[in-house]
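Okay, structure first, notes after.
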Amino acid sequence: MSVRVRYAPSPTGSPHIGNLRTAIFNWLFARHAGGTFIARLEDTDRTPGRYVPEGIYELEASMRFFGALPDEWWVYGGESAPYIQSHNLPYYQLCAERLIREEKAYRCYCTRERLDAMRTEQQARGLPTGYDRRCRHLSEEDRARNEAEGITSVVRLAMPLEGYTVVKDEIRGDITYENRLQDDQVLLKTDGFPTYFLACAADDHRMGITHILRGDDWLSSAPKLIQVFVALGFDVPKMVHLPLIIGPDKKKLSKRHGATQFLDFVDQGYLPEALMNFICLLGWSAGDENRELFTVPELIERFSIEGISEHPAIFDYEKLKWMNGHYIRGCEPGRLIGMCLPYLRKAGLIPEAPLSSASDDEKETYRIEVLDYVRRVIPLEQERMKMLSEVVDLVGFFFAELDYPNGYEEKAVAKWLKVPYLKPLLEKQIEVYSALAEWTPEALEAATREISEGLTLKFAEVIHPTRVAVTGRTVGPGLFETLWAMGKERTITRLKTVSERA
RNA sequence: GGGGAUAUCGUCUAGAGGUUAGGACGAGGGAUUUUCAGUCCUUAAGCCGGGGUUCGAUUCCCCGUAUCCCUACCA
C-alpha cells in the first residue's frame with residue numbers, strides 16, 4: 001500500500017517552527033517513499049482568538065517557502081476533498097450519530113458549570129480528574145426528557161471500562177495504556193463541530209492515511225484517538241511521534257527565546273534551504289555519516305523513521321545562524337541581492353522602486369543609481385552575513401549620509417582619526433585619488449602603497465584611518481573593494497569632510 | 001493527584017555488549033590577511049545516580065532522580 005501522510009495544522013496564526021518541522025518530516029517521508037503528502041486544515045475550534053482565518057495564508061506561504069508543497073490540499077484540491085474540516089461538518093455528525101446508534105458513544109447533557117465544579121472538587125481532593133460518566137447510563141426517559149426540554153448536549157465516546165489500548169509507536173515501540181484511566185472524550189461539541197479526536201480519525205480514514213507523524217505532545221492522548229478509530233471500525237494508521245523542539249531553558253519554545261513562528265524567521269532573513277536543513281537535524285539524523293549539510297534531494301534520499309530520535313531537541317539559534325551564513329555564502333549574488341533589497345528599502349537606505357507607470361528615465365536612473373550600486377556593494381558583505389536582516393547594518397555606511405563626526409563610531413574615531421599624521425595623509429590621498437585614471441581596487445591599492453611609502457608610514461597605519469574616515473567604522477570588507485564600490489566622488493567627499501574637520 | 005515519554009560533551013547528535021566514545025555548532029589556541037568575516041590546523045569538553053544480567057556495560061532489565069507532555073465542549 002502506498003504511503004499517504006498528512007500535515008494537519010490549525011489556523012491559529014503564523015505557523016510555529018515545531019509544526020513546520022512536522023510538515024517537513026511528513027513531506028520528506030512521503031517523497032522518500034514515493035507516496036502522497038496531504039495538507040488538511042483542522043479548523044474545528046471556533047473560539048475567538050484561537051481561530052484566526054488569516055492563518056491559512058501563513059500556512060500556505062510557509063509551505064511554499066520550503067517548497068514542501070502538498071500533493072493534495074485545500075489550495076488545489078485532490079481526490080479526498082474537502083481538505084477543510086469546517087466544510088465537512090455533516091460527515092462528522094453522521095459518524096457521531098452512528099456511534100450513538102451502536103452505543104459506542106452517548107449524549108452528555110452536563111453543563112460546563114457542573115463539569116468545572118466536578119473538576120475543581122477532584123483537584124481539591126487530590127483525585128484524578130476526568131468526567132464521571134454521569135450521562136453514560138441515562139435511562140431512555142431521562143434522555144427523552146432532556147431532549148424535550150431542549151437541553152444542549154455533546155457527544156462523548158463510551159470508552160471501554162476494562163482492558164488496555166496499545167499505542168504501536170514506530171520509534172518508541174508498544175506503549176500500553178489502561179482503558180479505565182481514559183476519559184470519555186467529547187467527540188462532538190454543542191456547536192455541532194467535531195473535536196480533534198473525531199475529526200482526525202474520521203478524516204484520516206476518509207483520506208486513506210497510512211502513517212501519522214505528529215508531535216510527541218500527542219502521545220499521551222493517542223489511546224483516546226485509537227479508541228475512536230476502533231469504535232468507528234476504522235484501521236488505525238501507523239503512528240510516529242516526533243520529539244518536541246524546546247527552548248534553551250528546556251521549556252516550550254516561546255517568543256522570548258527568539259524567532260518561533262514562520263514570519264519571525266522570514267523577517268530575520270533565514271534562507272529556506274538553511275531553515276530546512278537545520279530543522280531536519282532537530283530530532284533526526286542521517287546516521288553515521290558525520291555530516292550535517294544536506295541539500296533537499298539528499299534529505300529526501302536519506303530520510304527515514306529509524307533516524308528520528310526520541311528525546312526533545314533544544315533549538316540552537318547559534319547553529320542556525322552558522323548554517324544560514326553557510327548558505328548565504330554559497331548563494332548566487334543575484335539571488336542574494338534580490339533577497340536583500342526589501343531590507344534596504346524598509347530601512348530607508350534605498351528608495352522604493354519606481355512604479356510601472358513611471359517614465360523610462362526615472363526607471364533608468366533608479367537602475368543606475370540604486371540597483372547598480374546595490375549590486376556592487378552586497379557581494380562585498382556576502383561572506384560576513386549570517387542573516388539577511390543584517391544587511392542593513394553591514395552595508396548601511398555605503399548609503400547613509402556620513403557627516404563626520406556624525407554617524408562615526410566613537411571608538412573608531414578615537415583610535416584612528418586622532419593619529420598625528422592624519423591630516424597630511426588624508427590630503428595626500430585626496431590629491432592622489434582625485435588624479436587616479438582608473439578607479440579599481442588594484443589601482444587604489446597600488447596608489448595607497450605609494451602614499452604609505454612616501455609618508456614613511458606602515459601600510460596598516462594608512463589602511464585603518466582611511467577605513468574609518470570613509471566608513472565610520474573599523475570593520476568591513478577589504479578597504480580597496482570598499483573604496484572602489486563607493487566610487488570616486490563619495491570617497492573623496494568623505495575624505496575631505498574628515499580632513500577639514502580633523 | 002493520575003498517566004505517559006525521555007536521559008551521550010554547554011547545544012544538535014553518531015553509537016545498537018568489547019570503540020582512543022566519532023562529527024557539527026559554540027568556546028580556547030595557532031596560521032593566513034588590511035580590520036571583521038571566511039578558510040585551514042589545533043585544544044578542552046560527555047555516557048544522570050544506584051542496583052542487577054554478563055567474562056565484560058554508554059549500550060539490556062529494574063529502581064531512583066530530573067525534565068517534558070497529557071489529564072478542556074484546544075488542537
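Every chain is numbered from 1, with letters handed out A, B, ... down the list of sequences.
- Nucleotides B:U71 and B:C12, compared at atom C1', are 31 Å apart to the nearest Å.
- Within the 4.0 Å cut-off from OP1 or OP2 of B:U13, at least one side-chain nitrogen or oxygen of A:H311 is found.
- One donor-acceptor pair, N or O on each side, does fall under 3.5 Å between the base of B:C69 and the side chain of A:S220.
- Regarding contacts with the backbone of B:U39, a side-chain N or O of A:R329 is found under 4.0 angstrom from either OP1 or OP2.
- Atom CD of A:E149 is surrounded by more than 12 heavy atoms from other residues, nucleotides or ligands within 6.0 Å.
- Distances shown here put a side-chain N or O of A:K189 below 4.0 Å from the OP1 or OP2 atom of B:A75.
- With distances taken from any side-chain atom of A:V154 to the nucleotides B:C73, B:U35, B:U13, the minimum falls on B:C73.
- Nucleotides B:G28 and B:C9 place their C1' atoms 15 Å apart, quoted to the nearest Å.
- Look at the C1' atom in both B:G49 and B:G30: the space between them is 40 Å, to the nearest Å.
- Counting only distance, with no hydrogens or angles, the side chain of A:W439 and the backbone of A:L483 share a donor-acceptor pair below 3.5 Å.
- Of the two residues near RNA chain B, A:G126 and A:I175, the one whose nearest nucleotide lies more 5' is A:G126.
- Contacts of A:K321 with the nucleic acid, taken as non-hydrogen atoms under 4.0 Å apart, are absent.
- Note on A:R156: a side-chain N or O is less than 4.0 Å away from OP1 or OP2 of B:C73.
- If you check the side chains of A:Q429 and A:T466, you find a donor sitting under 3.5 Å from an acceptor.
- Position along RNA chain B of the nearest nucleotide to A:I314 versus A:V475 favours A:I314 as the more 5'-ward residue.
- Comparing the P positions of B:U13 and B:U6 gives a spacing of 15 Å, expressed to the nearest Å.
- Using P as the reference atom, B:G64 and B:G46 are 29 Å apart when rounded to the nearest Å.
- An OP1 or OP2 oxygen of B:A75 is reached within less than 4.0 angstrom by a side-chain nitrogen or oxygen of A:T44.
- Taking the centre of each ring, A:H257 and A:F315 stay at or above the 6.0 Å mark.
- Separating the P atom of B:U19 from that of B:C70 is a span of 41 Å, rounded to the nearest Å.
- Between B:A66 and B:A16, the two P atoms lie 32 Å apart (nearest whole Å).
- Contacts of A:G283 with the nucleic acid, taken as non-hydrogen atoms under 4.0 Å apart, involve only primed sugar atoms and P, OP1 or OP2.
- Using a 4.0 Å heavy-atom criterion, one finds that A:R125 contacts no nucleic acid atom at all.
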